[in-house]
Amino acid sequence: MRLREIFTDTDQPLEPPSEFIIKVQDINDNPPQFVEGPYRASVPEMSQVGTSVTRVTATDADDPVYGNSAKLVYSILEGQPYFSIDPNTAIIKIALHGMDREMREEYLVVIQAKDMGGHMGGLSGTTTVTVTLTDVNDNPPKFSKSKQNFVIPEELGIGQPGGKVKANDRDIGENAKSTYNIIDGDEKDVFEITTDAQTQEGILRLKKPLNFETKKSYTLKVEAANIRFDPNSGAPFKDTATVKIAVEDSDEPPVFSKPTFVLQVDENAPINTVIGTVTARDPDVTGSLVRYFIDRHTDLERQFNINVDDGKITLAKPLDRETDMWHNITVTATEIRNHSQISRAIVAIRVLDINDNAPEFATEYEAFLCENGKPGQVIQTVSAVDKDDPIQGHYFEYRLIPEMLNNPNFTIKNNGDNSISVLAKHDTFRRQKQEMYFLPIIVTDNGNPPMSSTNTLTIRVCGCSREGIVQSCNVEAYVLPIGLSMGALIAILACIILLLVIVVLFVTLRRHKNKPLIIKDDEDVRENIIRYDDEGGGEEDTEAFDIATLQNPDGINGYLPRKDIKPDLQFMPRQSGGPNGVDVDEFINVRLHEADNDPTAPPYDSIQIYGYEGRGSIAGSLSSLETASSDSDQNYDYLREWGPRFRRLGELYSVGESDKET
């Protein structure tokens, strides 16, 4: 600090400035503080005495140089006798042996820091330290019961749980994890035990099916051991328990003596032949009877039957090995006492071969023989096949039929490999002489009894080149005109056939048009009244219809067909009744006779209107237009006497008369 004296009037210094140093002396006015507190620390359980836990640090704002204001001393206010602290370094240590986490896991320690070297009058500050004991594997697993009992039904499936055991471990985390094993009592390896990772339980499961009738109980020794092992602990970290398992009897399905049966039967064996027998039994103590059935889904054609009581399989239909060599069916066995208990077995039936098929040519052979061939030339190599399958293999014998033994054209030679060669005997084959030859050959097998068949080889004579290449096998090359090919002949033949078809269709249509009219109305099958709506002009009116025949009956020289129909069959023309004229009565009678005997006439009456009365007619004029008499002068009773065909006409006129009278 500088001081300077100044005149007030002149404002000038009286003397030079002077410097002074003022030092402020510290006093203990700041307590210690734990800036990072409160603290948390952890230490393994069962740690040795003196094991460091953690270190705390306090600060003091006083001057550490002057006096003891900043000199700190640490001590424990709470936490003894478990922990201790170094007063100078503030390191907290274990002070008690055998601190067990399972007994107490967490401790609260209060630490004090005091300045002035801990002397009286010093200031202090405190903090807390939470100490947690971490787990070590110092406890083995322990079963709650040394003996445990289970009851498992014998129908329990493979891999299904049958019971659970658990060993408790006071440790936590990885130190508490255990694994389970069966160390005794499972010589047949029927059970297995697995560990549930979530619950730490041992689960008993089946590896093989149980059978109450074979073994009713099992006694197992199960061990639980920690996965993690602390070699320094020296204690066995495992425990054992005895598990007794009682097998509960259940109603089981029948059991076949074999899961698969293989049977044999000859093909074409007679119906009801016994093929074999399947057997099954009820494994239960009660021993129910068993009945057998064939699953028809595996025998859709119902070729087999089975005896429901003894399981004998018989033949229901003849079998053919060449169609099916094996038949696989399923047989079911059912308890009589409980039909829901069903078991199944596969029955494979092999059909044994018998020699029931004759050999035949391997294919439809068609041989070609060149006209310029040489004698002894091989025309065709022939082999045979047989549907049968003998154990010793096939051997075929070939020979010509007896009628062809002295055949002058061909011969056969055995090749020794179940085939033959057909040879030509001469070289004079000509297509003009014979275009095709047929050579019957008998093929016999070596079966018991032997089977044979006759097969025909077709041999065509062809024209060949000098190298023996077939060029033409048709004889038309020698008979067709020059320049006319086979294609042209086929085209001409097709045209002719087409014309014939057209002609046949035309004739058929003409005949169809000439068919008689058939009345389909069921209510009008007896009468056919032809009506004309135009009145006409009487006998002189020839516009409506042709009456020339009746007006001049002398000119009739032949039969005139009916107007209402056109018959398919017509009678021969008849001659006129008189030289100069025809009587109407006789004319009508002739027409009646013809209508009665005409097979083409419809079975109903036909009314014809004629405009010519004729000469000497007792009926007079039938025309209503030209008659000179009135309706009252006419008497139509005679129409009833003309026969059944005029009866209806007479009734009509009679009704008209009766109406007039009334």
Side-chain angles (χ1 to χ4, degrees), residues 266-270 318-323 325 351-465 467-479:
D266 292 333
E267 66 174 327
N268 298 328
L319 302 179
D320 186 9
R321 189 203 67 85
E322 287 71 37
T323 302
M325 184 182 300
V351 183
L352 301 179
D353 183 49
I354 63 173
N355 193 31
D356 59 342
N357 292 279
E360 56 187 12
F361 280 174
T363 184
E364 288 289 337
Y365 292 105
E366 185 176 10
F368 299 96
L369 173 63
C370 293
E371 289 181 317
N372 57 355
K374 298 179 181 180
Q377 179 182 356
V378 176
I379 303 173
Q380 180 69 48
T381 299
V382 177
S383 61
V385 293
D386 194 331
K387 294 181 180 179
D388 295 321
D389 187 17
I391 299 177
Q392 66 275 15
H394 290 292
Y395 175 76
F396 301 125
E397 178 185 355
Y398 300 85
R399 68 179 186 276
L400 298 176
I401 62 175
E403 295 81 0
M404 300 292 291
L405 291 178
N406 297 322
N407 181 12
N409 298 318
F410 306 100
T411 185
I412 61 175
K413 182 185 71 172
N414 194 336
N415 297 329
D417 57 353
N418 278 340
S419 67
I420 59 171
S421 296
V422 180
L423 309 177
K425 285 188 175 182
H426 58 82
D427 58 353
T428 59
F429 295 98
R430 294 295 180 268
R431 281 179 290 174
Q432 299 88 337
K433 180 179 179 181
Q434 186 172 348
E435 182 183 5
M436 189 176 300
Y437 294 87
F438 299 98
L439 184 64
I441 300 175
I442 300 175
V443 186
T444 306
D445 61 18
N446 59 333
N448 186 20
M451 303 288 291
S452 62
S453 67
T454 302
N455 301 263
T456 302
L457 176 65
T458 303
I459 303 175
R460 298 177 65 90
V461 181
C462 303
C464 303
S465 63
E467 293 79 11
I469 300 175
V470 177
Q471 293 181 335
S472 175
C473 296
N474 298 325
V475 72
E476 69 270 5
Y478 295 90
V479 298

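Numbers for residues simply follow the sequence, beginning at 1.
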Note to self: Please find the pair of heavy atoms, one from Asp356 and one from Glu322, that lie closest to each other, and give the distance.
What the structure shows: OD1-OE1, 3.8 Å

Next item on the list: Taking all non-hydrogen atoms of both residues into account, name the closest pair between Pro375 and Lys425 and its distance.
Entry: CB-O, 3.6 Å

Notebook entry, point to check: Should we count CG of Asp417 as having more than 12 external heavy atoms under 6.0 Å?
Noted result: yes

Note to self: Measuring from atom CD of Glu435 to atom CD1 of Ile459, what distance do you get when rounded to the nearest 0.5 angstrom?
What the structure shows: 13.5 Å

Checklist line | Least distance between heavy atoms, Asn409 atom then His426 atom | finding: OD1-NE2, 2.8 Å

Item checked: Criterion side chain to side chain contact (heavy atoms under 4.5 Å, CB included) against Ile401, the qualifying member of Asn407, Ile442, Thr456 -> Ile442

Next item on the list: Mind running side chain to side chain contact (heavy atoms under 4.5 Å, CB included) on Asn355 and Asn448 for me, showing each step along the way?
Entry: CA-CA 6 Å; Asn355 193 31; Asn448 186 20; over 6 Å; no

Checklist line | OG1-CE distance between Thr444 and Met451, expressed to the nearest 0.5 angstrom | finding: 10.0 Å

Checklist line | Cys473/Cys462 sulfur atoms closer than 2.5 Å | finding: yes

Next item on the list: Calculate, to the nearest 0.5 Å, the distance between atoms CD1 and NZ belonging to Ile420 and Lys413 respectively.
Entry: 11.0 Å

Next item on the list: Hey, could you give me each pair passing ring pair (Phe, Tyr, Trp, His ring centres under 6.0 Å) that has a residue in residues 437-457? Not counting sequence neighbours.
Entry: Phe410-Tyr437, Phe429-Tyr437

Checklist line | Whether Asn357 side chain and Asp386 backbone form a donor-acceptor pair below 3.5 Å | finding: no

Check: So, Arg430 and Glu371, do they make that salt bridge, N to O below 4.0 Å?
Finding: no

Note to self: Tell me every residue that passes salt bridge (charged side-chain N to carboxylate O under 4.0 Å, His left out) with Glu397, counting only those two or more places apart in sequence or in another chain.
What the structure shows: none

Note to self: Just so I know, are the side chains of Met404 and Pro440 near enough to count as touching, which here means a heavy-atom distance under 4.5 Å?
What the structure shows: yes

Note to self: Side chains of Asp320 and Glu267, heavy atoms from C-beta outward: is any pair under 4.5 Å?
What the structure shows: yes

Item checked: Nearest atoms (heavy-atom pairs only) where Gly376 meets Leu423 -> O-CD2, 3.8 Å

Next item on the list: Identify the two heavy atoms, one from Ala358 and one from Ser452, that lie closest to each other, and give their separation to 0.1 Å.
Entry: CB-O, 3.5 Å

Margin query: Working to the nearest 0.5 angstrom, can you tell me the gap between Lys387 NZ and Asp353 CG?
Written below: 12.5 Å

Next item on the list: Give the intermediate values and the outcome of side chain to side chain contact (heavy atoms under 4.5 Å, CB included) for residues Cys464 and Val470.
Entry: CA-CA 4 Å; Cys464 303; Val470 177; 3.9 Å; yes

Check: Can Asn446 and His394 be counted as having a side-chain donor-acceptor contact under 3.5 angstrom?
Finding: no

Margin query: Against Asn455, only a single residue in Val443, Ile441, Leu439 fulfils side chain to side chain contact (heavy atoms under 4.5 Å, CB included); can you say which?
Written below: Val443

Check: Which distance, rounded to the nearest 0.5 Å, do you find between the CD of Glu360 and the CG of Asp445?
Finding: 11.5 Å

Item checked: Those residues that, when tested against Phe361, pass ring-ring contact (aromatic ring centres under 6.0 Å, His included) (two or more places apart) -> Tyr365

Margin query: Testing the basics here: between Tyr398 and Ala384, what is the closest heavy-atom pair and its distance to 0.1 Å?
Written below: OH-N, 3.1 Å

Margin query: Measuring from atom OG1 of Thr458 to atom CD of Gln380, what distance do you get when rounded to the nearest 0.5 angstrom?
Written below: 10.5 Å

